[in-house]
Amino acid sequence: MTSATRMGVLALLWGSGFLWIKISLNEGLTPGWITFTRCLLGAAVLLALAHGAGQRLPRDRGTWARLAVAAFFCNALPFLLFSIGERTVDSGVAGVLNATTPLWSLVIGLALGAERPLRAARAAGLALGFAGVLLIFAPWSHGAGLMSGGALALLGAAASYAVAFAYMARRLAGRGTAPLALSAAQLLAATALSTPLTATGGPTAVTWTGVLAVLALGVLATGLTFHLNYRMIAEEGPTAAATVGYLLPVVSVTLGALVLGEPLTARVALGMAVVLVGVGLTRARFGAGAPDGGSGTDTEATAGAPRPRRARDGGGPRGGHAPAPPPTAPAASAGRPVDPLR
């Protein structure tokens, strides 16, 4: 499989998560059950992969306590918020708002002192990115804007990923635990945290389409996506994996339009472009030896993935993570959590 093909497959699987959430909701599943099932299926996939690789789950209480915090902010909470948000917001727009995670990561890095003072280009990128969000929300447009509880829930999910990445960079990166096992353990913790959600109301008249959609969400867009993302980082470096992140909003918007007939207004399309340009500026490198600029996303961020083989890719950026899963928020490079633009 060529690098371009691998990137395409990963972007398709990863970006399809928003579509599967929407279909699951439309076919009778509740946000709580979607969150729980997704975590459970993703954990099952990663446990099987970890077992096949001879990796064992962590055994000390300290690691499990840190994983519980990471699982809450990186899995249980954003997975739930995405499902709540997509009850009233199109899946394509959900993918676009998820792309704001790198912007939130940069803001958090600045607040924690993990980022150096912004250079002009990165400051402009941050302002431009949030201007794109404002354009998408269009609070000035009565009836046509997206300023709603659902849209705010989606934005909260993206911010939750950013909190998770900042925490994981400080508390989980470089712990020496096998990455697949650590990821499986994190999703196991997320499954436990999301179990109470199943008591808030069960699915009603779930169709087989809904069952298949949530299976695809958990197995393909969560568990398998992490594994492919991990492999890409290991074999081609974080720069290649980061490129996939920029494709996720495009994939989510395209699938939403083709499969669900979701409309794409010129304002939302322009807002998406502005957000991605802003994110690109915050991540750009300026000058020899300059840091990679920023932080990257939906998708299970984890720590401990192998160092990339190609030195030219430069490792993870300052601030603790380079984007690369999932719905999602996957792996790590050079001992630092990796976040997607989803």
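When reading the values below, keep in mind they use all heavy atoms of this one structure, side chains included, and skip hydrogens, waters and symmetry mates. These numbers were taken from a predicted model, which means no experiment stands behind them.
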- Query: Looking only at atom types and distance, does a side-chain atom of Asp60 sit under 3.5 Å from a main-chain N or O of Thr63, one as donor and one as acceptor?
  - Reply: yes
- Task: Measure the acute angle between the ring planes of Phe82 and Tyr161, then classify it against the limits of 30° and 60° as parallel, tilted or perpendicular.
- Result: tilted
- Query: Passes side chain to side chain contact (heavy atoms under 4.5 Å, CB included), Val45 versus Leu220? Steps please.
  - Reply: CA-CA 9 Å; Val45 171; Leu220 300 179; over 6 Å; no
- Would you check if the side chain of Ser16 reaches a backbone N or O of Leu13 as a donor-acceptor pair within less than 3.5 Å? yes
- Message: As an exercise, state the distance from CD1 of Ile108 to OH of Tyr167, rounded to the nearest 0.5 Å.
- Response: 14.5 Å
- For Leu228 and Arg6, run side chain to side chain contact (heavy atoms under 4.5 Å, CB included): C-alpha distance rounded to whole Å, both residues' side-chain angles, the deciding distance at 0.1 Å, then the answer. CA-CA 8 Å; Leu228 294 177; Arg6 183 179 300 173; 5.8 Å; no
- Message: Return the CG to OG1 distance between Leu80 and Thr35, rounded to the nearest 0.5 Å.
- Response: 4.5 Å
- Aromatic contact, Trp104 with Phe130 (centres under 6.0 Å): yes
- Message: Determine whether a donor-acceptor pair (N or O, by modelled atom type, separation under 3.5 Å) exists between the side chain of Arg122 and the backbone of Leu281.
- Response: no
- Message: Tell me whether Leu12 shares a hydrophobic cluster with Val250, the cluster being built from Ile, Leu, Val, Met, Phe, Trp, Tyr side chains joined at under 4.5 Å.
- Response: no
- Correct closest heavy-atom pair for Leu126 and Leu103 would be CD1-O, 3.7 Å
- Task: Would you name the heavy atoms of Ile34 and Leu29 that are closest together and state the gap between them?
- Result: CG1-CB, 3.8 Å
- Is there a donor-acceptor pair closer than 3.5 Å between any side-chain N or O of Ser160 and the backbone N or O of Gly156? no
- Message: Please check: side-chain N/O of Arg171 versus main-chain N/O of Arg66, any donor-acceptor pairing under 3.5 Å?
- Response: no
- Query: Would you say the side-chain atoms of Arg56 pair up with the backbone N or O of Ala181, donor to acceptor, closer than 3.5 Å?
  - Reply: no
- Query: Ignoring hydrogens and geometry, is there a side-chain-to-backbone donor-acceptor pair from Trp64 to Pro58 under 3.5 Å?
  - Reply: yes
- Are Tyr246 and Val279 close enough that some pair of their side-chain heavy atoms sits under 4.5 Å apart? yes
- Item | Where Met272 and Ile136 come nearest, the two heavy atoms and their spacing | N-CD1, 4.0 Å
- Among Leu154, Leu152, Ile84, side chain to side chain contact (heavy atoms under 4.5 Å, CB included) partner for Val89: Leu154
- Could you tell me whether the side chain of Glu262 and the main chain of Gly92 form a donor-acceptor pair under 3.5 Å? yes
- Distance (rounded to the nearest 0.5 Å) between Leu187 CG and Leu193 CG: 11.0 Å
- From Leu258 CG over to Leu19 CG, what is the distance, rounded to the nearest 0.5 angstrom? 10.0 Å
- Considering all heavy atoms, the nearest Ser91-Lys22 contact: CB-CB, 4.0 Å
- Query: Is there a donor-acceptor pair closer than 3.5 Å between any side-chain N or O of Thr222 and the backbone N or O of Leu217?
  - Reply: yes
- Shortest non-hydrogen contact from Gln55 toward Pro179: OE1-N, 3.7 Å
- Message: Keeping Ser194 on the side-chain end and Thr191 on the backbone end, is there a donor-acceptor pair under 3.5 Å?
- Response: yes
- Message: Are the side chains of Val214 and Val206 in contact, using a 4.5 Å heavy-atom criterion?
- Response: no
- Item | side chain to side chain contact (heavy atoms under 4.5 Å, CB included) between Phe79 and Leu197, worked out | CA-CA 12 Å; Phe79 287 3; Leu197 297 174; over 6 Å; no
- Item | Nearest-0.5 Å distance that lies between atom CZ in Arg170 and atom CG in Leu112 | 5.0 Å
- Query: Can you tell me how far the CZ atom of Phe165 sits from the OG atom of Ser105, to the nearest 0.5 Å?
  - Reply: 6.5 Å
- Query: So do the side chains of Leu188 and Leu47 get within less than 4.5 Å of each other, counting heavy atoms only?
  - Reply: yes
- Task: Specify whether Trp33 and Phe36 have parallel, tilted or perpendicular ring planes, treating 30° as the upper limit for parallel and 60° as the lower limit for perpendicular.
- Result: perpendicular
- Query: For Gly95 and Ser252, which heavy atoms make the closest approach, and how far apart are they?
  - Reply: CA-OG, 3.3 Å
